[in-house]
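Note that ligands are numbered from 1 as they come in the structure, with each ligand's atoms numbered from 1 the same way.
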Amino acid sequence: MKTSPLELLEAARDAAGHAYAPYSQFPVGAVIEMQDGTRYDGCNVENASYGLTLCAERNAITTMIAQTTGTNPAARRIKRVAIVGLKAKPCWPCGACRQVLREFGTQEVIVEGDGGEPLVTSFEELLPHSFGPEDLGS
Ligand SMILES: [Zn+2]
């Protein structure tokens, strides 16, 4: 059964509960759903040096890479990402995360609207004319 956007947002909210955000007090959670249906979650992890802070989206992606081998390409292709910021509605991915989400073929982005309703948009809308692996040529 297909997971609804609302269910993915709830999973992202759960992930945000694990955030390490003592400096910003801005917890964020993200869930990536792969082409094969597997899901990985992540939360933001801050650092006293600030610049080393890792966003929830990239945290979910590094977890996915660490837990897959790449022998099954669908296992590393992102179908959807859901993002929840406990203090921001909507909480769109930052520019760095958009580029990393692009690397793995993300097709759809889900965030919360003002009333908590899912806002679903195509990835192309968030990062048009983007640069990706296929642009390196062969
Ligand atoms: Zn980010």
Side-chain angles (χ1 to χ4, degrees):
M1 193 172 82
K2 187 180 176 191
T3 305
S4 75
L6 200 56
E7 288 170 319
L8 283 180
L9 285 173
E10 280 309 309
R13 180 178 301 285
D14 289 345
H18 294 265
Y20 176 73
Y23 309 110
S24 70
Q25 304 293 319
F26 193 88
V28 179
V31 171
I32 52 173
E33 182 183 71
M34 312 310 293
Q35 292 290 350
D36 69 1
T38 307
R39 294 180 354 195
Y40 302 91
D41 58 21
C43 58
N44 54 334
V45 180
E46 294 184 343
N47 189 275
S49 73
Y50 285 40
L52 292 177
T53 293
L54 182 63
C55 296
E57 300 92 317
R58 282 178 284 151
N59 193 348
I61 289 169
T62 56
T63 297
M64 174 272 290
I65 291 296
Q67 295 182 8
T68 57
T69 62
T71 55
N72 173 13
R76 288 186 162 179
R77 300 302 288 175
I78 301 172
K79 186 165 61 177
R80 302 185 286 177
V81 59
I83 305 155
V84 168
L86 298 185
K87 292 186 175 175
K89 291 181 186 176
C91 186
W92 296 104
C94 77
C97 286
R98 290 179 195 204
Q99 186 63 43
V100 176
L101 286 162
R102 166 67 172 84
E103 181 78 14
F104 300 99
T106 305
Q107 297 172 354
E108 199 171 86
V109 179
I110 305 164
V111 296
E112 286 185 303
D114 284 341
E117 75 283 7
L119 300 180
V120 181
T121 188
S122 71
F123 187 79
E124 175 67 22
E125 194 173 339
L126 286 190
L127 195 64
H129 311 293
S130 63
F131 185 85
E134 66 279 6
D135 295 311
L136 291 173
S138 55

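Excluding waters, the protein N/O/S atoms found under 2.8 Å from the Zn ion (ligand 1) are Cys55 SG, Cys94 SG, Cys97 SG.
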Residues 116-131 side chain polar contacts: donor-acceptor under 3.5 Å, at least two apart:
{"residue": "Glu117", "atom": "OE1", "partner": "Gly115", "partner atom": "N", "Å": "3.0"}
{"residue": "Thr121", "atom": "OG1", "partner": "Glu125", "partner atom": "OE1", "Å": "2.8"}
{"residue": "Ser122", "atom": "OG", "partner": "Glu125", "partner atom": "N", "Å": "3.2"}
{"residue": "Ser130", "atom": "OG", "partner": "Arg102", "partner atom": "NE", "Å": "2.5"}

Can you give me every donor-acceptor pair (side chain of residues 105-113, partner residue at least two apart or in another chain, under 3.5 Å) with its distance?
{"residue": "Thr106", "atom": "OG1", "partner": "Leu101", "partner atom": "O", "Å": "2.8"}
{"residue": "Glu112", "atom": "OE1", "partner": "Arg13", "partner atom": "NH2", "Å": "3.0"}
{"residue": "Glu112", "atom": "OE2", "partner": "Arg13", "partner atom": "NH2", "Å": "2.4"}

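The salt bridge (charged side-chain N to carboxylate O under 4.0 Å, His left out) check on Arg80 picks up Glu33, with sequence neighbours excluded.
Between the CG atom of Asp14 and the SG atom of Cys43 there is a distance of 12.0 Å, given to the nearest 0.5 Å. Taking CE from Met34 and CZ from Arg39, the interatomic distance works out to 13.0 Å, rounded to the nearest 0.5 Å.
Side-chain atoms of Gln99 never come within 3.5 Å of backbone atoms of Ala96 as a donor-acceptor pair (strictly under, hydrogens ignored).
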